[in-house]
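Okay, so here's the structure we're looking at.
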Amino acid sequence: QVQLVESGGGLVQAGGSPRLSCLASGRTFSSYGMGWFRQPPGKEREFVAAISWSGGSTYYADSVKGRFTISRDNAKNTVYLQMSSLKPEDTAVYYCAASRFGALGPAPFSSSTYTYWGQGTQVTVSS
């Protein structure tokens with residue numbers, strides 16, 4: 001069982017660069033692939049970014065590529081999402097997710113790849 005707790009959300013001005021953190025419980029964090037998803041108001045949840053167990057592979061949605069960076073610190077059981085050049089359309093609840101597939105498999109962008117989910121943290125971007 002893995003518990004995930006996100007932090008770092010809040011109200012941010014357009015163009016801002018907040019960093020989200022996701023702290024995982026358990027001693028097996030380093031074996032899990034990790035992802036970030038988001039759900040904009042009134043829309044479906046969508047993939048944002050993912051990182052393999054070692055950090056050697058990363059994946060991004062086209063909408064955030066070049067603006068967001070996913071990273072992890074296995075010693076701290078934490079995965080990060082560094083966001084930059086935020087736009088109002090980045091407003092969403094951001095969720096951290098953990099996959100038993102350390103390398104994330106063929107579909108790192110699919111929510112079905114992930115077993116554990118955090119409660120989410122709200123990011124609101126003001127224009």
Side-chain angles (χ1 to χ4, degrees):
Q1 187 76 9
V2 176
Q3 291 185 325
L4 305 171
V5 179
E6 303 95 337
S7 61
L11 179 62
V12 185
Q13 286 192 330
S17 302
R19 186 178 75 165
L20 304 183
S21 299
C22 173
L23 177 63
S25 65
R27 293 178 291 178
T28 58
F29 172 77
S30 61
S31 68
Y32 285 83
M34 300 297 296
W36 285 97
F37 287 74
R38 67 186 182 185
Q39 186 167 16
K43 296 185 178 180
E44 297 290 316
R45 186 167 57 188
E46 62 186 26
F47 170 75
V48 175
I51 187 167
S52 63
W53 67 275
S54 65
S57 297
T58 56
Y59 308 87
Y60 296 94
D62 288 343
S63 59
V64 305
K65 201 171 293 183
R67 299 189 299 123
F68 291 10
T69 301
I70 189 171
S71 62
R72 66 189 296 160
D73 185 338
N74 287 341
K76 295 183 178 180
N77 277 21
T78 302
V79 62
Y80 304 98
L81 185 68
Q82 178 68 55
M83 302 187 286
S84 65
S85 303
L86 280 179
K87 307 172 183 179
E89 51 263 44
D90 293 315
T91 293
V93 178
Y94 284 73
Y95 297 93
C96 173
S99 171
R100 292 192 178 115
F101 303 104
L104 294 168
F109 48 82
S110 173
S111 59
S112 62
T113 295
Y114 302 85
T115 305
Y116 304 104
W117 294 82
Q119 293 298 306
T121 185
Q122 175 72 47
V123 175
T124 302
V125 184
S126 63
S127 57

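What you are looking at is a predicted structure, and each value in this text was computed from that prediction instead of being measured. Values below: every heavy atom of this structure, side chains too, minus hydrogens, waters and symmetry copies.
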Out of curiosity, does [Y] fall in the hydrophobic cluster containing [X] (side-chain heavy atoms, cut-off under 4.5 Å, transitive links)?
X      : Y      : value
Val93  : Val12  : no
Tyr116 : Val48  : yes
Met34  : Val2   : yes
Ile51  : Phe101 : no

[X] to [Y] - nearest heavy-atom pair and separation:
X      : Y     : value
Phe29  : Ala24 : CD1-CB, 3.3 Å
Leu104 : Ser99 : CD2-CB, 3.9 Å
Arg67  : Ser85 : NH1-O, 3.0 Å
Gly55  : Arg72 : N-CD, 4.0 Å
Ser126 : Leu11 : CB-CD1, 4.2 Å
Pro88  : Ala14 : CD-CB, 4.4 Å

In Å and rounded to the nearest 0.5 Å, what is the [atom1] to [atom2] distance from [X] to [Y]?
X     : Y      : atom1 : atom2 : value
Phe47 : Ser111 : CZ    : OG    : 11.0 Å
Cys22 : Asn77  : SG    : CG    : 10.0 Å
Ser7  : Tyr94  : OG    : OH    : 15.0 Å
Gln13 : Ser127 : CD    : OG    : 9.5 Å

[X] atom [atom1], over 12 foreign heavy atoms within 6.0 Å:
X      : atom1 : answer
Gln119 : CD    : no
Tyr59  : OH    : yes
Glu89  : CD    : yes

Centroid-centroid under 6.0 Å between Tyr114 and Phe37 rings: yes

Do the side chains of [Y] and [X] get nearer than 4.5 Å, heavy atoms only?
X      : Y      : answer
Thr115 : Tyr32  : no
Leu20  : Met83  : yes
Val64  : Arg38  : yes
Arg45  : Tyr95  : yes
Leu4   : Trp117 : no
Leu86  : Pro18  : yes
Cys96  : Val79  : yes

Side-chain ion pair, Lys65 and Asp62, N-O less than 4.0 Å: yes

Return yes if some donor-acceptor pair links the side-chain N/O of [X] with the main-chain N/O of [Y] below 3.5 Å, else return no.
X      : Y      : result
Thr113 : Ala107 : yes
Thr91  : Val125 : yes
Asn74  : Trp53  : yes

Donor + acceptor pair across side chains of Gln122, Thr124 (<3.5 Å): yes

Residues forming a side chain to side chain contact (heavy atoms under 4.5 Å, CB included) with Ala49, sequence neighbours excluded: Tyr60, Ile70, Leu81

